[in-house]
Amino acid sequence: MASEDLQVVPIRHWGRWVVGALILGLLALLGIALADAQILYEDVPGFFTHEIMLGGLVNTVILAVCAQAGAIVLGVVLALLRRSPNPVARWFAWGYIWLFRGLPVLLQILLWFNLALVFKFISIPVPFTDAFVLHEPTNVIITAFVAALLGLGLNESAYMAEIVRAGLNSVDPGQIEAAKAIGMTPGKTFRRVVLPQAMRVIIPPTGNNFINMLKGTSMASVIGFLELIHAANRISSGNLEIMETLIAAALWYLIVVSVANVGQYYLERAYGKGVR
Amino acid sequence: MTEPLVRAHGVRKSYGSTEVLKGVDLTVDEGQVVCLLGPSGAGKSTFLRCVNHLETIDAGRIWVAGHPVGFVLKGGKLHELPEREVATQRRDIGMVFQRFNLFPHRTAMENVTEGPIQVLGRKPAEARREALELLTRVGLGDRGGAYPRELSGGQQQRVAIARALAMKPKVMLFDEPTSALDPELVGEVLDVMVALARDGMTMIVVTHEVGFAREVADHVAFMVDGAVVESGSAREVLDNPQHQRTRQFLAKVL
Ligand SMILES: Nc1ncnc2c1ncn2[C@@H]1O[C@H](COP(=O)(O)OP(=O)(O)OP(=O)(O)O)[C@@H](O)[C@H]1O
Ligand SMILES: [Mg+2]
C-alpha cells in the first residue's frame, strides 16, 4: 500500500484555544483593573531609585549572600558529621538539624536579637589566664545585621546539611575507590572527586533555597534592619504612598531573584561538565 | 634471590560472621604476571582490594615493595597507618576496576593527569605530555579531550589503565577488567594488557579469560571459597589441573 500518498489530518485541539482565550481575557481584565487602581505609577521610578531603597537593596543582598555562604559551609560540615563513624558527631549533627530546622526563622531572629537580655557580655577567654580574646557587651556585638545573619544562616545551614548529605550519597562509591587507588588523600578525594560530582545534586535545591533566602531577609525588617521592606516603609512613612513604595521594592525582589536564576543556570552548566 | 614484589601470607578477612578469605598465600616476583582464577564469590576481588588496602585484613600480612601494606614496622611491632600515609603507599600500586570508575567530570586527559598533578605534584605541562604518551600507548592518543561518557566501554577501560600507569606503579592490579565489556571490545583491552606484560610490568590479574592467562601468565592461582587451592605455571594449572574444583571450573569456562 502506498500509504505515504494519503493525506494526514492532524487532530484539532479545540480545548486549547478555549483555555488560551480565557486566560488572555482574564489577564486583560486584570490589566484594566490595575490601570484603574489608585496607584500613582509615575512615582514608582522615583522610589525605585530612591537613596534609601538602594541602601535597602544592598543590605538585602549582603545579608542573603552572607547567610547563604555561611549556611553552605556549616551545611558541609554538618553533612560530614552526619556521615561520620563517630556516634557523638552523628548525634550532635542530628540534634542541631532538629533544632534549627524546627523553629520558625522569625523566632530565631528575635531570640538572637534579644540575647543581651540574658547575656550581658560575650567573652572568649584565653585558657589558663585571665586574658580574653574577646570581651564585649552583647548588644555591641549582636547588631540587627548579626542577629538576622544568625537567625537566617543557622536555620538555612540545617537545610543545607540535608541537601549536601543527599549530594554526597549520590556519588558512586567506586569513585572514591578510584581516587584512593591513585594515591589521593581523603581530603583530596573529597575536594577533587566527591564534591564536584555531588554538586550536580546540590546546586538545584541550593539555588531554590537561596531565592527563599533573598525573600526571607524581609523578616529582618522586624528588628529594624534596613533591608528592602524596611526601606520601603521608611520612605512611605513620610509620603504615605505605601503601595507605590512596596511596588518599587517588589520590582527589586523580582530583579534580584532573576539574577540569582541566571547565576544558577551557569553554575549548573559548569558542574554538569562531562555529564550533560 | 631477590625479595618478591608482592608477598601475601595467611591473609584472612571476614565481613561480619562470614569469613571471605581463609588464609591466602601468594607471592609475585618483579616482572611476573599472576592470574587469579576461580568461581564467583571465591574472594578474588576481596583479596585484590586487600593488596592496596581498600579493605583492611583481619589476620596475616601483605608486603608490597618491601612495605607491609597499611602498616609501618617500628620497634618490632606493626603500627596501623593513618589513611593519609596509606595513600602514599598506594602510589606504588595501580588498580584497574571492573566498572572502569573513570572520573566522569574530567576528560580522558584530565583523568590521566589527575594523579601525577594532584598526588605527585608534577608540573601540569609535563604531566600532560606524559599522559599523551600513555594515551597513545593504549591507542587513544586522539581522544584526550573526550569525557568518559563519550567513550565506549573498551576505550574507558583503556583510559583507566593509562590513569593507573601514570603513577608509575611498581605493580598493577586488575579486577576482571574485561567482564563489563561487550564481547567485541574485550580484545582491545586484553591487547593493551598483553603489551604491558611484555614490557615487564608486574601484574596481578583477576580474570575469567583463560586464553589471556595461558598467553601471558607466569603463574596461575586458582581460588575457591577464600583460599588458593592450586597454583603453578599456566601450563600446570590450566592444562593439567589436579584439584577437582579447578577441573570443574575450567570445563565450564573453556
Ligand atoms: N562489602 C562486603 N560486605 C559483605 N560481604 C561481602 C562484601 N564484599 C564481598 N562480600 C562477600 O565476599 C565474598 C567474596 O566476594 P568477592 O567479590 O571477593 O568474590 P569474587 O571472587 O571476586 O567473585 P566474582 O567473580 O563474582 O567477582 C562473596 O560471598 C561476597 O558476597
Ligand atoms: Mg570480583
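Naming: A, B, ... by sequence-line order, numbering from 1 per chain.
Around atom CZ of B/R84, no more than 12 heavy atoms belonging to other residues, nucleotides or ligands sit under 6.0 Å away.
If you measure heavy-atom distances from A/K188 to chain B, the contacts under 4.5 Å come from the side chain alone. Only the backbone of B/I93 comes within contact range of chain A, with heavy atoms under 4.5 Å apart. Residue B/F97 touches chain A through its side chain alone, counting heavy-atom pairs closer than 4.5 Å.
The two residues A/A93 and A/R82 have their closest heavy-atom pair at CB-CG, 3.4 Å.
Taking 4.5 Å as the limit, every side-chain heavy atom of B/V189 sits out of range of all side-chain heavy atoms of B/V192. Taking the side chain as every heavy atom from C-beta outward, A/Q175 and B/P104 approach each other to under 4.5 Å.
When each of B/M95, B/R106, B/E83 is checked for heavy-atom pairs under 4.5 Å with chain A, B/R106 comes out on top. When B/L102, B/N52, B/T107, B/L173 are compared by the number of non-hydrogen pairs under 4.5 Å with chain A, B/L102 comes out ahead. Ranked by heavy-atom pairs under 4.5 Å with chain A, the first of B/H105, B/E85, B/R163, B/R91 is B/H105.
Ring centroid separation for the pair A/H135 and A/F121 comes in under the 6.0 Å cut-off.
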